[in-house]
Amino acid sequence: MHPAIPADAKIKKHIAVIGAGPAGCNFALQAAARGHKVDLYEKSGSIGGKMNPGSTPKGKFDFNNYRMYVEATVIKAAEEGMIDIFLNTECDLDTLKKKSYDTIVTAIGTKAAELNVPGYENMKTAQATELLENPELLGEAKKVVIIGGGVVGCETAYWLSFEKNMDVTVLEMLPYLMDGACTANRGHLIYYMKKNGVKLINMAMVKGFENSKVKISRNTHKNVPNPYNTWQPILPKNIENPLAPKVKDEYQEEFLDADLVVFAMGGKPDDSLYYALQEAHAAHEIYNIGDSFTAGRVLEANRAAYNLAVKL
Ligand SMILES: Cc1cc2nc3c(=O)[nH]c(=O)nc-3n(C[C@H](O)[C@H](O)[C@H](O)COP(=O)(O)OP(=O)(O)OC[C@H]3O[C@@H](n4cnc5c(N)ncnc54)[C@H](O)[C@@H]3O)c2cc1C
């Protein structure tokens, strides 16, 4: 357990925090509360990181409330002179090294996965995160194919279908959509996607793009799980269900019409800046927290931020 109001730091340090997502913001606030001098850098023009695209669907109002709370708290801290914020400032090794910070904390999130299959260059594509923040990227599109049926892909599908009236298909290569998500949230989203005619296709892989169509290889075996089934719990991978019907590989080629293809295939922790700083000995102490250490949720990002801030 950590105290709600952390004790003053014994040695006050000059700290650079890179990235104003929840990890960077919460670390900056706690470190400043302990008396450190904190500079918070953000490459975009806004505070919140991935909470910004995550707050776009109207159903995410509670998430948006938290995003607004973090933003307001950080702005207030800056106005009161507790921290300095530098928006529209992308940090790299050279700029950070020149500033001679005692401590540098990277919290720069993930790098989105891309799909480089044949025909990619002729297809209109967008990352789910950029589309959620910039709906104008939809242009004239009516038919959208989302690649990746995790939580981000399904929330994007729900948003496009309910709020943008799009014809949406979600493709997932695994047997289950949103595998690992909270059962109640998963059931709720699948129910509403089904209700609004979102097409869910599981056990399907994208092979390429041809003439505004997505070429997929889809398992059509009779035992492929029904992607709309929400009542059956998904068992952990280390528990084998001896009664589960075996799914054989019966892959067939299919083509799906698409005006726009949206990538929602997750991302890898972006630890490139952290390792570059380490290698160059850019400061006495260098740490990496949040999604740029391991991709997770806001809870994990905040925990990492708080745990580090009370120790420095
Ligand atoms: C669509 C979507 C929905 C989500 N929904 C939920 C949800 O409902 N609940 C939940 O708990 N989690 C959700 N998440 C996950 C959650 O948003 C992330 O886990 C969390 O934001 C990670 O926080 P972070 O601070 O580590 O990284 P990020 O939020 O990614 O912030 C990193 C920041 O660093 C900045 N940056 C990057 N490089 C540099 C640089 N060189 N210099 C300066 N700044 C830089 C970026 O612009 C960004 O603002 C969602 C994510 C997405 C994409």
Side-chain angles (χ1 to χ4, degrees), residues 16-29 39-67 70-71 74 85-96 99 104-113 126-135 146 148 150-160 178 180-182 184-186 188-189 262-277 282 287-306 308-309:
V17 183
I18 323 303
C25 289
N26 282 304
F27 172 82
L29 291 168
D39 294 345
L40 175 61
Y41 293 95
E42 169 54 47
K43 76 171 174 187
S44 75
S46 52
I47 289 162
K50 291 285 192 321
M51 292 196 299
N52 293 322
S55 300
T56 299
K58 285 190 183 132
K60 297 287 292 290
F61 58 88
D62 51 350
F63 195 64
N64 190 35
N65 285 345
Y66 180 68
R67 181 197 65 76
V70 172
E71 185 184 41
V74 167
I85 313 177
F86 303 90
L87 294 179
N88 300 306
T89 309
E90 181 162 2
C91 288
D92 58 17
L93 171 62
D94 290 341
T95 41
L96 287 168
K99 301 219 166 163
I104 302 175
V105 177
T106 58
I108 63 173
T110 51
K111 216 177 215 158
Q127 285 289 342
T129 45
E130 59 178 346
L131 184 65
L132 284 159
E133 282 199 271
N134 307 286
I146 298 178
V151 176
V152 171
C154 290
E155 282 184 2
T156 307
Y158 170 87
W159 168 69
L160 287 173
M178 287 182 278
C182 154
N185 292 354
R186 182 175 177 273
H188 174 92
L189 259 184
V262 176
F263 296 131
M265 300 171 298
K268 283 196 178 140
D270 185 357
D271 50 18
S272 53
L273 181 60
Y274 169 72
Y275 282 113
L277 293 166
Y287 300 95
N288 184 23
I289 57 170
D291 272 13
S292 52
F293 178 73
T294 179
R297 299 163 300 167
V298 169
L299 175 70
E300 288 81 22
N302 284 351
R303 267 194 194 139
Y306 196 81
L308 180 61

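We count ligands from 1, going down the list as the structure has it; atoms in each ligand are counted the same way.
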Fill in: Shortest non-hydrogen contact from C25 toward A20
SG-O, 3.4 Å
Discussion item. Is the ring pair F86/Y41 parallel, tilted or perpendicular, if the boundaries are 30 and 60 degrees?
Written reply: parallel
Identify all pairs of nitrogen or oxygen atoms, one from ligand 1 and one from the protein, separated by less than 3.5 Å, and list them with distances.
| unit_1 | atom_1 | unit_2 | atom_2 | d |
| --- | --- | --- | --- | --- |
| ligand 1 | 5 (N) | K60 | NZ | 3.1 |
| ligand 1 | 8 (O) | K60 | NZ | 3.0 |
| ligand 1 | 11 (O) | V298 | N | 3.0 |
| ligand 1 | 19 (O) | D291 | OD1 | 3.2 |
| ligand 1 | 19 (O) | D291 | OD2 | 3.2 |
| ligand 1 | 19 (O) | G296 | O | 2.9 |
| ligand 1 | 25 (O) | P22 | N | 3.3 |
| ligand 1 | 25 (O) | A23 | N | 2.9 |
| ligand 1 | 26 (O) | D291 | N | 2.7 |
| ligand 1 | 29 (O) | K50 | N | 2.8 |
| ligand 1 | 41 (N) | C91 | O | 3.1 |
| ligand 1 | 42 (N) | C91 | N | 3.0 |
| ligand 1 | 44 (N) | K43 | N | 3.1 |
| ligand 1 | 47 (O) | E42 | OE2 | 2.6 |
| ligand 1 | 49 (O) | E42 | OE1 | 2.6 |
| ligand 1 | 49 (O) | E42 | OE2 | 3.1 |

Discussion item. Taking the side chain as everything from C-beta on, heavy atoms only, tell me whether P53 gets closer than 4.5 Å to L131.
Written reply: no
Fill in: Y274, OH: over 12 other non-hydrogen atoms inside 6.0 angstrom
yes
Item to complete: With salt bridge (charged side-chain N to carboxylate O under 4.0 Å, His left out) as the test, would you mind laying out the steps for E300 and R297 before giving the verdict?
Response: CA-CA 6 Å; E300 288 81 22; R297 299 163 300 167; 2.4 Å; yes
Worksheet item: Got a sec, which residues hit ring-ring contact (aromatic ring centres under 6.0 Å, His included) with F63, two or more places apart in sequence or on another chain?
Response: none
